Amino acid sequence: MKLDIRYFAWLRERLGTGHETVETDAGTVAELIEELRGRDEGYAHAFSDTGAIRAAVDEDLVEFDADISRAREVAFFPPMTGG
Amino acid sequence: MKLDIRYFAWLRERLGTGHETVETDAGTVAELIEELRGRDEGYAHAFSDTGAIRAAVDEDLVEFDADISRAREVAFFPPMTGG
Amino acid sequence: MDPVRVQEAPFDMGAELNAFATTVGGAGAVVSFSGITRDVASGDLQAMEIEHYAGMTEKALERIRAEAMARFGLTDAMILHRYGRLAPGDPIMMVATASRHRADAFAGAEFLMDYLKSRAPFWKKEVTRSGAEWVAARDEDEDALSRW
Amino acid sequence: MDPVRVQEAPFDMGAELNAFATTVGGAGAVVSFSGITRDVASGDLQAMEIEHYAGMTEKALERIRAEAMARFGLTDAMILHRYGRLAPGDPIMMVATASRHRADAFAGAEFLMDYLKSRAPFWKKEVTRSGAEWVAARDEDEDALSRW
């Protein structure tokens, strides 16, 4: 399936992009992360410490075991620092 | 000794005055209250429930056992309701 | 601007907040509390009359402010309280606090309010169509002090 | 006025407080929190850049606001947050709450802040003479959620 992925803050900077569309069969956020890590060293490095990464599926904050089989958009970003 | 006494809120209204100067030898706030109570029925009534009355000596909130032998001014009033 | 003011005149809480916030230097957090004259249960409040003990009032508020500043490491704090006759909807009083992190500014403002409520010599009287009545002190307000 | 706003434009916290306070009806208590861009330890902050996840941001803030309203019985609540490039001293964001009694307005504002800090998709980057650095999340901010 086609999936929009968005990156924010240092994750966006490290990957050099804030948005990409991928073709994937990943069923969960965790599986998607595994897939991305396998792409190249840049992705492997950016996703090396998943404790420092949060995810949202279709604009809702989720845990990594969240189902993405019907998702349109997944976003990855560091812990938030608003306020 | 000469002592200024001030009354506020319903205590002022009940006694019909906000300020008076008395001649007294009371050593503490409690003794002064006893003296005032003995004056007449109006005072006895106004000071009947001392749980509903607070006192200040020279503009500092005090307990009823506070010494007033060197005080210039004693004030009586109900619990405060500012804010 | 005097950080403790007791006045009969109305005040503009927004202007006060802005004036306070410009003086707080390195603080990242500013908390304000405003008390507004509101309708009582009966819903026919015509006015609120506030009596105070001139002389003692500012002394008490300055002491409460100094205690809050020291206790919570505030970079600044202000207290403003009106007396006299207020209309429903009128701001009665305001406190504001500033600190580096938000927890101190929040705690400082709550501390100021708790002490001001039960330790500053103000008394409120509600004027309604059926007469005037002194506002009774709330047990919760006295109890609130025990947490500090 | 929309009770949740995410904007690049500066705002006037005093004007916001006044606008909020006029709409709160029977509430007697209004609490505000304002966050201000401040110098970091190094003291040479030139700008703060705030990135956010457009689309998710307002949704997240609306949910946090609704939760605070219900939980603390607030009569009203507002959240305003800027993004983009801010100068030191600029207001970053503001929340305000209104309730009949002060404890709810204080608790509601603290709740809004705690959730906004750790659950709303904003990221701050500090620009100093020596470069630019993303602000690290504070453990205290995550921990603060556990009290609710």
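The sequence lines fix the lettering, A, B, ..., with proteins before strands; numbering per chain opens at 1. Predicted model, so just to flag it, every value in this text is computed and none were measured. All heavy atoms count here, side chains included; hydrogens, waters and symmetry mates do not.
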Engineer: Indicate yes or no: at least one non-hydrogen side-chain atom of Ser32(D) is less than 4.5 angstrom from one of Val31(C).
Structural biologist: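 The answer is no, as the side chains (C-beta and beyond) never meet within the 4.5 Å cut-off.
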
Engineer: Could you walk me through whether Arg102(D) and Lys117(C) pass side chain to side chain contact (heavy atoms under 4.5 Å, CB included), step by step?
Structural biologist: CA-CA 11 Å; Arg102(D) 71 185 185 285; Lys117(C) 280 266 174 191; 3.5 Å; yes

Engineer: Heavy atoms under 4.5 Å from chain C: which residues of residues 81-90 of chain D carry them?
Structural biologist: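 From residues 81-90 of chain D, none sit under 4.5 Å of chain C.
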
Engineer: Is the distance between the ring centroids of Phe106(C) and Phe106(D) less than 6.0 Å?
Structural biologist: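 Ring-ring flag for Phe106(C)/Phe106(D): false, centres at least 6.0 Å apart.
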
Engineer: Using a 6.0 Å cut-off, check whether atom CD of Glu133(D) has over 12 heavy atoms from anything other than its own residue.
Structural biologist: no

Engineer: Report, in residue-number order, which members of residues 50-61 of chain D are under 4.5 Å from chain C by heavy-atom distance.
Structural biologist: none

Engineer: Counting only heavy atoms closer than 4.5 Å, note whether Ala144(D) contacts chain C via side chain, backbone, both or neither.
Structural biologist: side chain

Engineer: State, to 0.1 Å, how close Met13(D) and Ala21(C) come at their nearest heavy-atom pair, and which atoms those are.
Structural biologist: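 For Met13(D) and Ala21(C), the tightest heavy-atom pair comes out as CE-CB, 3.8 Å.
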
Engineer: I want to check something: taking the side chain as every heavy atom from C-beta on, are Arg138(C) and His101(D) in contact at a cut-off of under 4.5 Å?
Structural biologist: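 Contact flag for Arg138(C)/His101(D) side chains = yes.
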
